[in-house]
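In what follows, a single structure is set out as structure tokens and then discussed.
Whatever order the structure lists them in is the order used to number ligands and atoms, beginning at 1. All residue numbers refer to positions in the sequence shown, counting from 1.
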Amino acid sequence: MITYQEALQIILSHARSFGDETVLLENADGRVLAEDIFADRDYPPFNRSTVDGYAINIEEWRAGLKNYRIAETIFAGNVSEVALASGQCYKIMTGASVPKSASAVIRREDVFEDSGSVTINVENIEEQQNISKQGEDAKKGDLILGQGLICQPNVISILASLGKGKVKVKRLPDVVLFTTGNEVKSIDSIPGPVEIRNSNKWLLTSLLKKLGIDVQRSEHISDSREDLYSAIESGLDCDVMILCGGVSAGDADYVPETLEKLGVKKLFHKVAIKPGKPIWCGISPTGTMVFALPGNPFSCLITFKIFIEEYLRKCLGFSPRAVFTLPLTGGRTKKVPFDEFFPTKLAKDGKSLEQIAINSSGDIKLGLHANSIALHPADRKQVESGESVSYFSLFT
Ligand SMILES: Nc1nc2c(c(=O)[nH]1)N[C@H]1C(S)=C(S)[C@@H](COP(=O)(O)OP(=O)(O)OC[C@H]3O[C@@H](n4cnc5c(N)ncnc54)[C@H](O)[C@@H]3O)O[C@H]1N2
Ligand code: MOO
């Protein structure tokens, strides 16, 4: 059986771009930029007053002048009509263009205004004070946003400033999701005594949504070779196919054989991890990446996080998920020589990890209240209390 790291390397070696597409800015949140964005003009585009106040020629101030007549009031969005003459100032608002004949702006609260004149009440005035100079943030033609940046709110704001109402981003994959199993019922039906509800469909849909991906098609398939064959065949035109259940050793676990019958080349089946050991992964002749996950909910969550999410992150140009290290509170022992992933929660002081109890990978509570997943390494039977373990954040 291959190890977690070997399986991850195989998966990552098949990562590919799904192409680019142009989207409206309102739909660009969380997407990855697929074009370089340059400044269309200087920023600020003009010398801009940063305060409400009065703009003067500093040479006159240096010559000892304290009292100025207001020549004109300049509002944001307005252009001054006249140059300052001797003894004059402008009354100017925040965001307005400072005319060339003025070289400093004094805050409103630092002057006394009366009958169209102002007396300046401050000791020191610096040349260009309270003026953002044209082009001081960016010059026309400067590279502002590089390909690969994620459209977080700050990037969206910059795109808006630069007038990019449409933007080229990495295309998201078409994802098809098939859950399987005769005992698994839709959540709006009443399950019989030995039936359960299809939580994994919702789990996987929500996990994909966190990456900004909407499932294109989702279907539940019964444990029948024929139904599986036709469903999988009909979905093989997508970029990524996720199946769930029917991959281990049971008499009705037809998923691996059906995939292979349809020409999906097996990359691996079974990985030395707990939970999630029975995972199957393959690639179709047309390049569809297929992940068949074990049916237990916690196995489904872990295999999605450690494999599918990492694959998609690489395909979409996100950096790999961050892995941290912290001491674990309470020791733990494991029975199998596999990498074991277990639910944890960051202590309030952020200095250690607490373990969250989970009964088994079939526990519908999935270690609720865990905000992280830690790794008990394959080669360690025991992790002592206070020993450092590596972990990753669960839903951030
Ligand atoms: N002889 C062996 N038996 C099993 C092995 C093994 O290596 N040898 N592996 C065990 C492990 S580990 C896991 S995990 C499970 C995985 O089995 P399958 O992937 O074949 O999944 P199923 O048997 O179909 O289901 C397992 C479990 O999960 C429930 N399930 C399935 N689908 C859903 C869904 N959409 N929503 C909620 N719950 C679901 C299902 O009812 C089962 O209880 O195999 C072990 N057996
Ligand atoms: O490894 Mo299975 O995925 O525990 O229950």
Using heavy-atom distances, let me know which of N296, I279, T179, L203 sits nearest atom 43 (O) of ligand 1. N296
What about C244: any of its N or O atoms under 3.5 Å from an N or O on ligand 1? no
Measure from NZ or CZ of K270 to the centre of the six-membered ring of W280, then state whether that distance is under 6.0 Å and the direction lies within 45° of the axis. no
Enter the distance from T179:OG1 to N198:CG here, rounded to the nearest 0.5 Å. 4.0 Å
If Ile, Leu, Val, Met, Phe, Trp and Tyr residues are connected whenever their side-chain heavy atoms lie under 4.5 Å apart, and connections chain through other members, are L262 and L177 in the same group? no
Answer yes or no: does atom CG of D349 have more than 12 heavy-atom neighbours from other residues, nucleotides or ligands under 6.0 Å? yes
Heavy-atom closest contact (L207 atom, K305 atom, distance): CD2-CD, 4.1 Å
Suppose I only count heavy atoms of G245 and a 4.0 Å limit; which atoms of ligand 1 are within that range? 19 (O), 21 (O), 24 (O)
Counting only non-hydrogen atoms and a 4.0 Å cut-off, the residues near ligand 2 are P275, G276, K277, N296, S299, S361
Angle class for the F341/Y4 ring planes (parallel below 30°, perpendicular above 60°, tilted otherwise)? perpendicular
Please list the nearest protein heavy atom to atom 29 (C) of ligand 1 with its residue and the distance rounded to 0.1 Å. G295 O, 3.7 Å
Considering only protein heavy atoms, which is closest to atom 32 (N) of ligand 1, and at what distance to one decimal place? V184 CG2, 3.6 Å
In terms of the angle between their ring planes, are Y311 and F18 parallel, tilted or perpendicular, with boundaries placed at 30° and 60°? perpendicular
Is it true that, when you exclude K66 itself, more than 12 heavy atoms of the residues, nucleotides or ligands shown sit nearer than 6.0 Å to its NZ? yes
Among protein heavy atoms, which sits nearest to atom 2 (C) of ligand 1, and what does the distance come to when rounded to 0.1 Å? A249 CB, 3.8 Å
Quick one: do L293 and I373 end up in the same hydrophobic cluster if we chain Ile, Leu, Val, Met, Phe, Trp and Tyr together by side-chain heavy atoms under 4.5 Å apart? yes
Shortest protein contact, atom 46 (N) of ligand 1 (heavy atom only): S248 OG, 3.8 Å
Going by side-chain heavy atoms closer than 4.5 Å, which hydrophobic residues are tied to L143, directly or by a chain of links? F38
In one Ile/Leu/Val/Met/Phe/Trp/Tyr side-chain cluster, 4.5 Å: L12, F392: yes
Please write down residue, atom name and distance for the protein heavy atom closest to atom 24 (O) of ligand 1. G246 N, 3.0 Å
Taking atom CD of Q152 as the centre, report whether more than 12 heavy atoms of other residues, nucleotides or ligands fall under 6.0 Å from it. yes
Under a single-linkage definition using a 4.5 Å side-chain heavy-atom cutoff for Ile, Leu, Val, Met, Phe, Trp and Tyr, are V176 and F291 assigned to the same hydrophobic cluster? no
Could you tell me the residue and atom name of the protein heavy atom closest to atom 40 (C) of ligand 1, and the distance to it rounded to 0.1 Å? E183 OE2, 3.0 Å
Does at least one non-hydrogen atom of R197 fall below 4.0 angstrom from an atom of ligand 1? yes
Salt-bridge contact D214-K209 (side-chain N to carboxylate O under 4.0 Å): yes
Tell me whether K265 is salt-bridged to E260, with the criterion being a basic N under 4.0 Å from an acidic carboxylate O. no
What are the atoms of ligand 1, with element, lying closer than 4.0 Å to any heavy atom of D253? 20 (O)
Numbering as shown, the atoms of ligand 1 that approach K277 to under 4.0 Å (heavy-atom distance): 6 (C), 7 (O)
For N198, take its heavy atoms, then give the atoms of ligand 1 lying under 4.0 Å from any of them. 34 (C), 35 (N), 36 (N)
Heavy atoms from other residues, nucleotides or ligands near NZ of K91 exceed 12 (cutoff 6.0 Å): yes
For atom 34 (C) of ligand 1, what is the nearest protein heavy atom, given as residue, atom name and distance? N200 ND2, 3.2 Å
Quick check: V247 and ligand 1, any N/O pair under 3.5 Å apart? yes
Which ligand 1 atoms does P294 reach within 4.0 Å, using its non-hydrogen atoms? 14 (S), 16 (C), 19 (O)
Would S361 count as being in polar contact with ligand 1, using the rule that some N or O on each side must be under 3.5 angstrom apart? no
Would you say G181 touches ligand 1, if touching means a heavy atom closer than 4.0 Å? no
For atom 37 (C) of ligand 1, what's the nearest protein heavy-atom neighbour? Residue, atom name and distance, please. S199 OG, 3.4 Å
Any heavy atom of S299 closer to ligand 1 than 4.0 angstrom? yes
